[in-house]
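FYI, the numbering just counts along the sequence from 1. When a ligand or atom number is given, it counts from 1 through the structure's own listing order.
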Amino acid sequence: MDRPVEPGHFSACEARLDKHIAGRCSVDFPVAVVLPAGGSGERTGLLTPKQFCTFLNRPLISYTIQTFERVPWIQSIVVVVAKESLDLMMDIIHRFHHRNVQVVHGGSTRHRSIFNGVRALSEGEGGTARVKPKVVIIHDAVRPFVEEDFLLKITMAAKEQGAAGAIRPLVSTVIATTLEGYLDHSLERTMYRASEMPQGFIYDVIYQAYQRCSESDFEFGTECLHLALQYCGTNAKLIEGPPTLWKVTYKRDLAAAESIVKETLSQSACVVTGGSAQATELANALQKSMSTLDMEVDVISDLMGDDAKSLSKEWNFIRVSVNSSCFSEVGKMLSALEEADRALLHPVVIIWVYLIGSEDGSSASEPMGGEPAAMMELATGAKLGNILVYGIQLHHSKEATLWGRSVEKVAQMSCALIRDRSPALTGQLLQA
Ligand SMILES: Nc1ccn([C@@H]2O[C@H](COP(=O)(O)OP(=O)(O)OP(=O)(O)O)[C@@H](O)[C@H]2O)c(=O)n1
Ligand SMILES: O=C(CO)[C@H](O)[C@H](O)COP(=O)(O)O
């Protein structure tokens, strides 16, 4: 019996690889990606193939493509889809401004789809030859959460070894069963790992492996690393990856993916005060209260000058108005976000916090005559551009405890609206 892999064995190898990679200034060879997306997603029980199922107004595959588009040393992306999904895929590329993406049609099995994608990287239009990549990364289109540093590890290892693949510890014991459906024996779990994606290959290795493999491999195989070993004698370097490499397989996985994206978008907020002392005081109180709710808040007077950079890095904005129910400030923020095309890939949240009353006891004339209707109209238009506008109204109180409670309530409501990003509440003027 082979000796079990000692716990930490792979992390020791990875540490050496980390050091090896750390010494590299950049990827100085062409790298391409093949994203197999030609499946039907039967295990989700949904009619729409899971790679095209949407959350936060975007299909799953668009999140994965974006992940690779952000990697500067990846030159091209090939997405492999079923023939009947070609038009849908082209529409997604157009709608979400994906670039450097070539779409080819898939096959009846994952291996056939992947081979179509690999082949497309060396055969240009009409079968003419094209410059092929040195390394090709293969990554299931339904695995949206992969980080650049891990892609770099896989890519460098593939260049060094010919092939490399992500692995994860098994979470369930693997057993062998008898034909009658009884336990034959259980495998020693420490000797096995789950093979995940991404995987990387020297282009010629995986291309030749697919040219040499059998029909049975194409029909029943699920492991590219096996083909490289079996048909090219190339033994892949195995690298333990983070738990985020999981594959969307069941319907629940789509909900999990949405939750992860929402969490990523809900780490911080930018409060814009317009510069008034009272709005700034409220903003600072909100900042303090929201920090206790794990929300990092920045307070600025306006989205101008250096502060305008928030427009391109923040997903959540709070606009504080004092005794002024006009929406011009919110309208200006909305226009700036639309001009920056900020909500193309993710929904942006704007919360209008409307403070009535002031320290000297004066109060605006009873507000909100026609404003709720105007608020709803503004929010309805904004939603079409993937910007979610909510309103929270609060009354100033000179009684410190009461005022503190009001501010805390606004902080809680703001965090909830940001974290949930529900289109259902847009345009509502909530009472704190
Ligand atoms: N003929 C196929 C089958 C699968 N895939 C892709 O391979 C990846 C991983 O496969 P899997 O999770 O099994 O997807 P499906 O085959 O769609 O799922 P199911 O088995 O539930 O139908 C997915 O991105 C899937 O779209 C593909 O490109 N071509
Ligand atoms: O991890 C993988 C190979 O290394 C593949 O993602 C996995 O094998 C696909 O299997 P299935 O199509 O049944 O989901």
Side-chain angles (χ1 to χ4, degrees), residues 33-53 59-65 67-68 77-86 88-89 92 101-120 136-146 150 154 157-158 163-172 174 192-201 206 209-210 213 215 217-230 235-254 256-257:
V33 180
V34 171
L35 300 178
S40 57
E42 284 174 19
R43 284 171 285 182
T44 63
L46 300 171
L47 292 176
T48 303
K50 57 193 176 184
Q51 58 272 32
F52 301 118
C53 286
L60 171 60
I61 193 167
S62 177
Y63 291 96
T64 309
I65 292 172
T67 295
F68 287 92
I77 301 169
V78 173
V79 179
V80 189
V81 299
K83 280 181 186 170
E84 61 269 23
S85 303
L86 281 169
L88 171 59
M89 191 64 238
I92 291 168
V101 178
Q102 177 186 357
V103 182
V104 300
H105 61 79
S108 59
T109 66
R110 180 170 172 270
H111 270 328
R112 290 196 170 100
S113 293
I114 293 172
F115 187 27
N116 285 359
V118 169
R119 197 167 27 211
V136 56
I137 296 170
I138 298 172
H139 186 77
D140 295 328
V142 291
R143 295 173 187 262
F145 306 115
V146 58
F150 190 71
I154 290 287
I167 54 172
R168 286 286 304 157
L170 293 176
V171 291
S172 300
V174 178
Y192 296 88
R193 293 292 182 275
S195 174
E196 305 288 352
M197 306 301 271
Q199 294 177 347
F201 302 85
I206 191 66
Y210 272 120
C213 75
E215 273 310 301
D217 287 312
F218 274 122
E219 197 57 31
F220 305 108
T222 60
E223 185 48 77
C224 304
L225 303 180
H226 164 75
L227 301 182
L229 180 59
Q230 176 91 2
N235 204 344
K237 174 75 181 170
L238 302 175
I239 304 175
E240 194 154 323
T244 51
L245 294 180
W246 55 279
K247 175 164 69 77
V248 171
T249 302
Y250 301 100
K251 185 178 177 186
R252 66 170 185 263
D253 298 327
L254 288 164

In terms of side-chain heavy atoms, does Glu223 have a donor or acceptor partner in Gln199 at a distance below 3.5 Å? yes
Hey, which atoms in ligand 1 end up nearer than 4.0 Å to a heavy atom of [X]?
X	result
Ala141	24 (O)
Glu42	19 (P), 21 (O), 22 (O)
Val142	23 (C), 24 (O)
Ser113	1 (N), 2 (C), 27 (C), 28 (O), 29 (N)

Between the candidates Ser40, Gly41, Pro36, which shows the shortest non-hydrogen contact distance to atom 6 (C) of ligand 1? Pro36
Pick from Arg43, Arg143, Arg110: the one approaching atom 13 (O) of ligand 2 most closely through a non-hydrogen atom: Arg43
With a 4.0 Å heavy-atom cut-off (strictly under), which part of [X] contacts ligand 1: side chain, backbone, both or neither?
X	answer
Ser108	backbone
Thr109	backbone
Lys50	side chain

For ligand 1, is Gly106 a contact, meaning one of its heavy atoms is under 4.0 Å away? no
Of all the heavy-atom pairs spanning Ser195 and Leu225, show the shortest one and how long it is. OG-CD1, 4.3 Å
Considering residues, nucleotides and ligands other than His105, do more than 12 of their heavy atoms fall under 6.0 Å from its NE2? no
Got a sec: does the NZ of Lys247 have more than 12 other heavy atoms crowding it under 6.0 Å? yes
Heteroatom proximity flag, Thr44 to ligand 1, N/O under 3.5 Å: no
Nitrogen or oxygen of Lys247 less than 3.5 angstrom from that of ligand 1: yes
For Gln199, the ligand 2 atoms whose distance to one of its heavy atoms is below 4.0 Å: 4 (O)
Need the ligand 2 atom indices (1-based, order shown) with element for anything under 4.0 Å from a heavy-atom of Glu223. 3 (C), 4 (O)
Heavy atom of Asp140, distance to ligand 2 below 4.0 Å: yes
Phe68 ring center near His139 ring center (under 6.0 Å): yes
Sub-4.5 Å side-chain heavy-atom contact between Met197 and Ile138: yes
Less than 4.5 Å apart, side chain to side chain, heavy atoms only: is that true for Ile114 and Val80? no
Between Asp140 and Arg110, does the salt bridge (charged side-chain N to carboxylate O under 4.0 Å, His left out) criterion hold? Intermediate values first, please. CA-CA 9 Å; Asp140 295 328; Arg110 180 170 172 270; 3.0 Å; yes
Under the criterion side chain to side chain contact (heavy atoms under 4.5 Å, CB included), which of His111, Arg112, Arg119 is the partner of Tyr210? His111
Ile65 and its side chain to side chain contact (heavy atoms under 4.5 Å, CB included) partner, picked from Leu60, Leu35, Val33: Leu35
What part of Glu196, side chain from CB on, backbone N/CA/C/O, both or neither, has a heavy atom under 4.0 Å from ligand 2? backbone
